[in-house]
Asks: 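Below is a structure I'd like to ask you about.
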2 protein chains.
Amino acid sequence: MRLNHAELLTRFRRHAVRLTRQRAAIYTALAETTSHPTADDLYQTVKRQHPMMSRNTVYYTLGVLQQAGLVQEVNVGHEVARFDGNVTVHHHLICLGCRQIVDVMDEGLNQLAVSNGQARGFRILGHRVEFHGYCAGCQRGKLDVP
Amino acid sequence: MRLNHAELLTRFRRHAVRLTRQRAAIYTALAETTSHPTADDLYQTVKRQHPMMSRNTVYYTLGVLQQAGLVQEVNVGHEVARFDGNVTVHHHLICLGCRQIVDVMDEGLNQLAVSNGQARGFRILGHRVEFHGYCAGCQRGKLDVP
DNA sequence: ATGCTATGTAGGAATCATTCCTAGGTAGGG
DNA sequence: CCCTACCTAGGAATGATTCCTACATAGCAT
């Protein structure tokens with residue numbers, strides 16, 4: 001996905017987020033990958049073009065973008081936070097070997113509900129599904145899949 | 001669920017885990033609640049009966065019990081790790097207000113699959129579903145549910 | 001265009017859950 | 001009942017994330 005400055009400005013305005021060079025760089029780096037990078041991955045990437053970029057700015061910006069709904073946090077278990085520029089409703093496949101995260105777009109998974117008997121008075125606003133397994137590469141390397 | 005020493009011994013033997021006073025206390029505290037406590041919650045609980053208990057022992061023990069399959073880690077987003085003594089397959093309801101976690105036992109949710117088109121060569125071993133919303137109490141307190 | 005001001009940024013210090021290290025202690029097989 | 005492999009306590013270390021603060025700048029109003 002190529003992102004020019006006009007499109008960037010449109011998106012940021014739509015979500016009422018002020019656009020700065022740093023934010024443009026961080027958001028673009030995230031939106032142009034499907035690899036669900038960590039804050040530090042993004043920092044390393046963005047630092048190539050912006051050597052003065054602070055790690056703090058990356059964290060702060062990710063927080064702002066997340067609250068604005070331009071970015072989503074994906075967490076695998078208890079590991080380092082990872083981020084996703086795809087904010088459409090979708091779910092994830094997680095490789096237990098190499099820890100890669102792959103998007104799953106499946107309308108069926110978006111329709112899950114909890115039976116009233118189990119809902120215990122909760123008002124449910126959304127859900128998240130993660131599938132755990134081994135990717136093709138890790139199956140080859142490691143046939144003693146537990 | 002009342003756990004006597006004989007039952008405890010049986011479970012630990014079945015999973016080849018050495019039984020110590022500390023482990024008995026930690027596992028019992030966890031098995032007798034449905035509140036998904038943090039490591040520190042368990043430490044605070046267990047310390048009442050075992051004032052010499054080290055926080056380190058709680059972490060180490062939870063690791064051992066988890067690897068043995070006597071205990072499960074539940075993670076809500078990027079927060080502190082929480083633990084679950086219920087190791088049957090089940091899913092969770094998470095309150096965005098008070099952060100409580102409630103178990104959902106629903107056979108339908110245990111049957112989810114990813115279509116081959118989306119599976120991208122993954123060998124899938126399991127999945128986890130978390131529903132996000134507001135519990136009955138938090139709906140009353142906070143009607144500006146986002 | 002230019003100036004103003006609320007907001008963002010850089011950098012370093014602080015936090016805090018978790019892990020690492022190590023010297024005693026103990027479960028439980030023989 | 002004795003060994004020894006495995007545990008435990010306590011303190012130090014780690015590392016992702018957050019906090020603090022002085023300087024910079026986006027973008028509205030003039």
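All values derive from a computational prediction rather than experimental measurement. Chain identifiers are assigned alphabetically (A, B, ...) following the order of the sequence lines, protein sequences preceding nucleic acid strands; residue numbering begins at 1 within each chain.
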Asks: Would you say a side-chain N or O of A/Ser54 is under 4.0 Å from OP1 or OP2 of C/dT9?
Replies: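 A/Ser54 to C/dT9 OP1/OP2: no side-chain N or O under 4.0 Å.
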
Asks: Tell me the interatomic distance from A/Leu9, atom CG, to D/dA26, atom C1', rounded to whole angstroms.
Replies: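 One finds 11 Å between C1' of D/dA26 and CG of A/Leu9, rounded.
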
Asks: What is the distance from CZ of A/Phe12 to C1' of C/dG8, rounded to the nearest Å?
Replies: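 Distance, rounded to whole Å: 13 Å.
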
Asks: For B/Arg21 and for B/His78, find the nucleotide of DNA chain D with the closest heavy atom, then tell me which residue's nucleotide is more 5'.
Replies: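 The residue mapped nearer the 5' terminus is B/Arg21.
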
Asks: Please work out if A/Thr38 contacts a base, only the sugar-phosphate, or nothing of the nucleic acid, heavy-atom cut-off 4.0 Å.
Replies: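 Since no nucleic acid heavy atom lies under 4.0 Å of A/Thr38, the category is nothing.
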
Asks: Just by distance, with hydrogens left out, do B/His91 and B/Asn110 show a side-chain donor and acceptor under 3.5 Å apart?
Replies: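 Yes, because at least one side-chain N or O of B/His91 sits under 3.5 Å from a partner of the opposite role on B/Asn110.
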
Asks: Any side-chain N or O of A/Gln22 under 4.0 Å from OP1/OP2 of C/dA10?
Replies: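 Checking C/dA10 against A/Gln22, a side-chain N or O does come within under 4.0 Å of OP1 or OP2.
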
Asks: Between B/Arg23 and D/dC7, does any side-chain N or O lie under 4.0 Å from OP1 or OP2?
Replies: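 Yes, such a contact exists.
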
Asks: If you measure only the distance, is there a donor-acceptor pair under 3.5 Å linking the side chains of A/Asp41 and A/His36?
Replies: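 No.
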
Asks: Atom OH of B/Tyr59 and atom C1' of D/dT14: how far apart are they, to the nearest Å?
Replies: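 Distance check: B/Tyr59 OH to D/dT14 C1' gives 13 Å.
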
Asks: By nearest heavy atom, map B/Glu73 and A/Thr57 onto DNA chain C; which one lands nearer the 5' end?
Replies: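 Its nearest nucleotide lies further toward 5', so the answer is A/Thr57.
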
Asks: Give the rounded distance in Å between these two atoms: CG of B/Asn56 and P of D/dT14.
Replies: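 Taking atom P of D/dT14 as the reference, CG of B/Asn56 is at 16 Å.
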
Asks: I'd like to know if the side chain of A/Glu73 and the backbone of A/Leu62 have a donor-acceptor N/O pair within less than 3.5 Å.
Replies: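 A pair under 3.5 Å: no.
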
Asks: Examine distances only and state if a side-chain atom of A/Gln22 and a backbone atom of A/Met53 form a donor-acceptor pair shorter than 3.5 Å.
Replies: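 A pair under 3.5 Å: no.
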
Asks: What integer distance in Å separates B/Asn75:CG from C/dT18:C1'?
Replies: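 One finds 13 Å between C1' of C/dT18 and CG of B/Asn75, rounded.
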
Asks: What is the distance, to the nearest angstrom, from the CZ atom on B/Arg82 to the P atom on C/dT18?
Replies: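 Spelled out: CZ on B/Arg82 to P on C/dT18 is 12 Å.
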
Asks: Give a yes/no answer on whether the side chain of A/Thr20 brings an N or O atom under 4.0 Å of OP1 or OP2 in C/dG8.
Replies: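 Looking at the OP1 and OP2 atoms of C/dG8, neither is under 4.0 Å from any side-chain N or O of A/Thr20.
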
Asks: Send over the distance from B/Tyr43 OH to D/dG10 C1', rounded to a whole Å.
Replies: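 The distance from OH of B/Tyr43 to C1' of D/dG10 comes to 10 Å, rounded to the nearest Å.
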
Asks: On DNA chain C, compare the nucleotides closest to A/Val58 and B/Ala39; which residue's is nearer the 5' end?
Replies: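 With A/Val58 and B/Ala39 compared, the 5'-side residue is A/Val58.
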
Asks: Can you tell me if B/His15 uses its side chain to pair, donor with acceptor, with the backbone of B/Leu70 under 3.5 Å?
Replies: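 Side chain of B/His15 to backbone of B/Leu70: no pair is present.
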
Asks: So, OP1 or OP2 of C/dG8: does either fall under 4.0 Å of a side-chain N or O from A/Tyr60?
Replies: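 Yes, within the criterion.
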
Asks: How would you label the contact of B/Arg13 with the nucleic acid (heavy atoms, under 4.0 Å): base, sugar-phosphate, or nothing?
Replies: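 No contact at all - B/Arg13 keeps every heavy atom at 4.0 Å or more from the nucleic acid.
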
Asks: Where the side chain of B/Arg18 is concerned, which of C/dG28, D/dT17, C/dG8 is the nearest nucleotide?
Replies: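 For the B/Arg18 side chain, the nearest candidate turns out to be C/dG28.
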
Asks: Would you mind reading off the distance between A/Met52 atom CE and C/dG8 atom C1', rounded to a whole angstrom?
Replies: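 Atom CE in A/Met52 sits about 15 Å away from atom C1' in C/dG8.
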
Asks: On the nucleotide D/dT8, are OP1 or OP2 found under 4.0 Å from the side-chain N or O atoms that B/Thr61 carries?
Replies: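 Looking at the OP1 and OP2 atoms of D/dT8, one of them is under 4.0 Å from a side-chain N or O of B/Thr61.
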
